[in-house]
J.: 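Please see the structure below; I have some questions.
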Amino acid sequence: MYKLTLDGVDVMGERLAEEVIEVINRRPEIKKISFVAHSVGGLVARYAIGRLYRPPRRKSQEDSTVGACEDDSRGTIYGLEAINFVTVATPHLGSRGNKQESLGKVPFLFGVTAIEKVASLVIHWIFRRTGRHLFLTDNDGGQPPLLQRMVDDCGDLYFLSALRAFKRRVAYANVGYDHIVGWRTSSIRLNSELPKWEDSLSVKYPHIVYEEKSETKKVDQYARDSIGEDDNCNDELEEELVTGLSRVSWERVDVSFHTSRLRFAAHSVIQVKDSFMESEGADVIQHMIDHFLLT
């Protein structure tokens with residue numbers, strides 16, 4: 001089953017969409033839907049909701065007379081009200097970049113450009129189609145890379161509209177020691193936007209070191225306000241991904257396990273993959289639960 005993770009973000013997204021449809025058809029009493037996804041699963045979920053999105057119902061003249069339901073102005077996820085869309089250590093910007101240790105995207109490549117260039121050439125041998133998507137080297141039928149297409153509506157896939165349909169969008173990110181997915185890509189930020197953080201003073205959430213809520217920005221405003229001289233390490237494609245995804249508001253929650261004995265396993269600890277070995281991440285899960293919208 002693990003090999004299916006290499007099939008590609010689009011193939012996995014289609015499978016997830018089919019599974020969601022199956023559950024909805026089997027459980028007609030379900031009215032609302034939320035997604036919580038870890039690592040590349042966040043990209044898969046973003047693809048799936050793009051497939052499952054349904055535009056808002058157009059108001060007829062009769063509706064406008066009697067007063068249509070306010071929820072009709074929002075799109076749905078296959079007819080369900082979209083509530084929470086939560087990603088945890090997800091490589092939203094892909095797996096390229098430099099200065100990786102706490103800023104970039106594939107820390108185990110050490111931010112060495114030459115190594116990354118070689119990796120991008122052979123990554124499909126190791127991680128197959130998923131690797132090409134993460135390194136943005138795919139060009140199916142001459143199309144732009146999939147992650148580039150996924151920052152906007154594209155044909156019959158409503159990636160951005162689907163994200164906008166959710167009442168809240170949240171990105172949890174490790175600020176360091178995540179040797180699979182770096183801080184910048186998981187928090188959907190440019191280098192200049194990464195905040196300075198201090199040790200948490202919260203007893204309840206000791207590993208949450210920074211929180212912010214961003215407002216939706218227009219593309220031209222985002223480019224003017226956020227992209228500056230400090231972003232020399234970002235290429236134009238990365239800037240395009242950040243700009244596109246910033247057209248919807250995000251809650252960003254930054255997490256640090258720098259004092260943990262398992263800090264080098266931060267990518268797994270943040271989701272408590274093993275309830276015994278990685279229990280230090282339980283406060284992050286509790287934070288998700290405490291802030292989860294139900295209505």
Side-chain angles (χ1 to χ4, degrees), residues 2 4-13 16 35-50 85-111 113 115-117 119-120 123-124 126-138 144-151 159-160 163 169-191 193-194 233-235 237-246 248 250 252-255 265-271 273 284:
Y2 286 109
L4 297 178
T5 303
L6 308 179
D7 288 349
V9 171
D10 51 355
V11 173
M12 291 187 287
L16 176 58
F35 287 77
V36 181
H38 175 257
S39 196
V40 73
L43 298 177
V44 174
R46 278 178 49 202
Y47 188 98
I49 64 173
F85 190 85
V86 183
T87 64
V88 184
T90 288
H92 288 285
L93 311 181
S95 297
R96 304 183 310 160
N98 48 29
K99 299 184 179 179
Q100 304 288 2
E101 168 52 32
S102 62
L103 306 179
K105 289 168 276 177
V106 181
F108 63 79
L109 295 179
F110 307 110
T113 303
I115 296 178
E116 291 193 350
K117 286 183 177 179
S120 67
I123 199 71
H124 63 281
I126 306 171
F127 297 113
R128 299 192 343 228
R129 186 174 177 81
T130 299
R132 289 194 291 271
H133 288 154
L134 291 176
F135 269 75
L136 289 87
T137 58
D138 57 300
L146 178 62
L147 296 193
Q148 184 178 4
R149 286 178 274 146
M150 283 175 59
V151 301
F159 298 120
L160 189 65
L163 279 174
R169 293 154 295 278
V170 193
Y172 284 82
N174 281 310
V175 302
Y177 292 105
D178 189 328
H179 296 285
I180 305 297
V181 178
W183 187 12
R184 204 163 69 209
T185 186
S186 54
S187 64
I188 318 175
R189 291 182 177 114
L190 296 175
N191 188 48
E193 297 175 307
L194 294 173
C233 62
N234 295 292
D235 58 26
L237 182 51
E238 178 176 308
E239 291 174 358
E240 181 180 338
L241 298 182
V242 175
T243 301
L245 289 172
S246 296
V248 294
W250 289 87
R252 293 178 173 88
V253 183
D254 298 310
V255 178
H267 191 69
S268 295
V269 176
I270 196 173
Q271 65 152 340
K273 188 174 182 179
V284 180

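Residue numbers start at 1 and run along the sequence shown.
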J.: To the nearest 0.5 angstrom, please state how far the CZ atom of Arg189 sits from the CG atom of Leu245.
T.: 13.5 Å
J.: Just how far is it from atom CD1 of Ile270 to atom OH of Tyr177, taken to the nearest 0.5 Å?
T.: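 The distance works out to 15.5 Å.
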J.: What pair of heavy atoms forms the shortest contact from Ala266 to Gly176, and how long is it?
T.: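 That would be CB-O, 4.1 Å.
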J.: Is a donor from one side chain sitting under 3.5 angstrom from an acceptor on the other, for Ser186 and His92?
T.: no
J.: What I'd like to find out is whether the side chain of Tyr172 reaches to under 4.5 Å of the side chain of Val86, using heavy atoms alone.
T.: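 Of all side-chain heavy-atom pairs linking Val86 with Tyr172, at least one is under 4.5 Å.
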J.: Can you sort out the partners of Thr90 under side-chain hydrogen bond (donor to acceptor under 3.5 Å, both in side chains), two or more places apart, ordered by chain and number?
T.: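 side-chain hydrogen bond (donor to acceptor under 3.5 Å, both in side chains) check on Thr90 returns nothing, list empty.
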J.: Short question: side chain of Ser268, backbone of Lys273 - any donor-acceptor pair under 3.5 Å?
T.: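 No.
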J.: Side-chain contact, heavy-atom cut-off 4.5 Å: Val9 with Met150?
T.: yes
J.: Can you tell me how far apart CG (Leu93) and CD (Glu239) are? Round to the nearest 0.5 Å.
T.: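 The CD atom of Glu239 is 11.0 Å from CG of Leu93, to the nearest 0.5 Å.
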J.: Which is it for Thr87 and Phe35 under the side chain to side chain contact (heavy atoms under 4.5 Å, CB included) test, yes or no, and what are the steps along the way?
T.: CA-CA 8 Å; Thr87 64; Phe35 287 77; over 6 Å; no
J.: Taking the side chain from His133 and the backbone from Gly8, do they hold a donor-acceptor pair closer than 3.5 Å?
T.: no
J.: Which residues satisfy the side-chain hydrogen bond (donor to acceptor under 3.5 Å, both in side chains) test with Asp10, sequence neighbours excluded?
T.: Arg129
J.: Would you sort out whether Arg184 and Leu190 count as a side chain to side chain contact (heavy atoms under 4.5 Å, CB included), showing the intermediate values?
T.: CA-CA 6 Å; Arg184 204 163 69 209; Leu190 296 175; 5.6 Å; no
J.: Just jot down the side chain to side chain contact (heavy atoms under 4.5 Å, CB included) partners of Leu134, sequence neighbours excluded, or say none.
T.: Val40, Leu43, Pro91, Ser95, Thr130
J.: Please name all residues satisfying side-chain hydrogen bond (donor to acceptor under 3.5 Å, both in side chains) with His38, sequence neighbours left out, ordered by chain then number.
T.: Gln271
J.: May I ask you to decide if the ring planes of Phe85 and Trp250 are parallel, tilted or perpendicular, using 30° and 60° as cut-offs?
T.: perpendicular
J.: Could you tell me whether the side chain of Val175 reaches within less than 4.5 Å of the side chain of Val255, counting heavy atoms only?
T.: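 Result no, sub-4.5 Å side-chain heavy-atom pair not found.
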J.: Go through the structure and list residues passing side-chain hydrogen bond (donor to acceptor under 3.5 Å, both in side chains) with Ser39, not counting sequence neighbours.
T.: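 By the side-chain hydrogen bond (donor to acceptor under 3.5 Å, both in side chains) rule, Ser39 matches His267.
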J.: Once you round to the nearest 0.5 Å, how far does CG of Leu194 lie from CG of Asp254?
T.: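 Output value for this atom pair is 8.0 Å.
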J.: According to side chain to side chain contact (heavy atoms under 4.5 Å, CB included), who are the partners of Val44, at least two apart in sequence or on a separate chain?
T.: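 With sequence neighbours excluded, Val44 shows a side chain to side chain contact (heavy atoms under 4.5 Å, CB included) to Met12, Leu16, given in chain and number order.
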J.: Would you check if there is a donor-acceptor pair between the side chains of Trp183 and Asn174 at a distance under 3.5 Å?
T.: no
J.: Heavy atoms, side chains only, cut-off 4.5 Å: are Arg252 and Ile188 in contact?
T.: yes
J.: Any chance you could measure Leu136, atom CG, to Leu241, atom CG, to the nearest 0.5 Å?
T.: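 Nearest 0.5 Å value for the CG-CG distance: 6.0 Å.
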